[in-house]
Amino acid sequence: MTPQNIPTISHIAIIMDGNGRWASINGLSRNKGHEKGTENIQSIVQRVSELKIKFLTIFAFSTENWSRPKLEVSNLMNLLFDSINKQLDYLINENIRVIHIGEKSSLPSHLQKAIYQCEQSTKNNTGLTLNVALNYGGRSEILNSIRKIVSNNNNLSPNQISFEDIEENLYTSGIPDPDLIIRTGGEKRISNFLLWQSAYSEYFFSDVLWPDFTSQDIDKAIDTYFSRQRRFGKV
Ligand code: IPE
Ligand code: IPE
Ligand code: MG
């Protein structure tokens, strides 16, 4: 391996999938699966923070997840609300900064408020940045970015729009692209996650269902990542 393609890692993103199947295997309701899944977040955040990786993005709720049964959606919103409130002291103590990525305005107002308070109380923290993708969709993010560029610039001609303009208007503006994207739960698809940002990300698919995903599993994903060669189109 030449020195320039030895991987470095500053950003991990995780598609936390498999709560429902975990519940069904354990004879529990889907909501119990989401409860277990939500409880599992802290240990993984802790591990990534200990490893001094600068950014972690977790996919908590997609723009497509609104199509689930009403009760499951409202349970998820309540669980996320409780989790943000419960974790706030921990996040502050661990010097973790939280950033929401996704569309806030269609979330329940109590959840919007909790997210805002969490972002405000952690905004000066200098350790891990935890991006919480909640009501997030990659296609909407790109479309919104282009709409913002056009609406902020009168008389813009199409060929004046640059990659940088698009990047600057994504929810993830200022955050490096994910080096490694992990999907738990066995499915091998992207499900509208970080479409723009993942152009050159490495993928790791784990069969472990999210509520069972441990620090050892994330270590394994990172070890695998370090065995890869990233070429970015070069030789
Ligand atoms: C991931 O688990 C959580 C969300 C998408 C909100 P799922 O609920 O998708 O679990 P499975 O895929 O049905 O097992
Ligand atoms: C992706 O999981 C979204 C989250 C983990 C929040 P889904 O369970 O919604 O994805 P599909 O429907 O299997 O593609
Ligand atoms: Mg799923």
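Index from 1, following the sequence. Both backbone and side-chain heavy atoms feed into the values below; hydrogens, waters and symmetry mates do not. Whatever order the structure lists them in is the order used to number ligands and atoms, beginning at 1. The structure displayed is predicted, hence computed values, not measured ones.
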Do [X] and [Y] get their side chains close enough for a donor-acceptor pair, meaning under 3.5 Å?
X	Y	result
T172	Q197	yes
W196	D177	no
R230	Y225	yes
D217	S206	no

For ligand 2, the portion of [X] having any non-hydrogen atom under 4.0 Å away:
X	result
R183	side chain
F61	backbone
M16	backbone

Do you see an N/O/S atom of E187, backbone or side chain, under 2.8 Å from the Mg ion (ligand 3)? no
*asked:* I'd like to check whether N65 has a polar contact with ligand 1, where a contact means an N/O of the residue lying under 3.5 Å from an N/O of the ligand.
replied: no
Practice item. Report yes if some N/O of W22 lies less than 3.5 Å from some N/O of ligand 1; otherwise report no. Key: no
Note to self: Students often mix this up, so state it plainly: with edges at 30° and 60°, are the rings of F193 and Y136 parallel, tilted or perpendicular?
What the structure shows: perpendicular
- Mind checking whether Y200 and F232 have parallel, tilted or perpendicular rings, split at 30° and 60°? tilted
Taking C-beta and beyond as the side chain, do [X] and [Y] meet within less than 4.5 Å on heavy atoms?
X	Y	answer
F61	V73	yes
L170	I175	no
R183	Y203	no
I161	N153	no

The option among N135, I15, I14 carrying the non-hydrogen atom nearest to atom 1 (C) of ligand 2 is I15
Exercise for the section: Answer with yes or no whether E187 contacts ligand 1, where contact means a heavy atom under 4.0 Å from a ligand atom. Expected result: no
Ligand 1 contacted by G185 (non-hydrogen, < 4.0 Å):
no
So which heavy atom in the protein is nearest [atom], and how far is it from that ligand atom?
atom	answer
atom 10 (O) of ligand 1	G20 N, 2.9 Å
atom 14 (O) of ligand 2	S191 OG, 2.6 Å
atom 5 (C) of ligand 1	R68 NH2, 3.3 Å
atom 3 (C) of ligand 1	N19 ND2, 3.6 Å

- Report the C-alpha distance between R47 and E50 in whole Å, list the side-chain angles of each, state the deciding distance to 0.1 Å, and finish with yes or no for side-chain contact (heavy atoms from CB on, under 4.5 Å). CA-CA 5 Å; R47 182 67 189 142; E50 276 166 20; 2.9 Å; yes
Check your understanding: In the single-linkage hydrophobic clustering (I, L, V, M, F, W, Y; side-chain heavy atoms under 4.5 Å), do F226 and L56 co-cluster?
Key -> yes
Under 4.0 Å from one or more heavy atoms of R189, ligand 2 contributes atoms 11 (P), 13 (O), 14 (O)
- Task: Could you tell me whether atom 12 (O) of ligand 2 has a protein heavy atom closer than 4.0 Å?
- Result: no
For D17, the atoms of ligand 1 under 4.0 Å from one of its heavy atoms are 1 (C), 2 (O), 7 (P), 9 (O), 10 (O), 11 (P), 12 (O)
Ligand 1 to R21, heavy atom cutoff 4.0 Å, flagged ligand atoms 11 (P), 12 (O), 14 (O)
With heavy atoms and a 4.0 Å threshold, my read on which part of A60 contacts ligand 1 is backbone
Of all the N, O or S atoms in D17, the one nearest to the Mg ion (ligand 3) is OD1
**Asked** Could an N or O of ligand 2 be found under 3.5 Å from any N or O of S62, whether backbone or side chain?
**Response** no
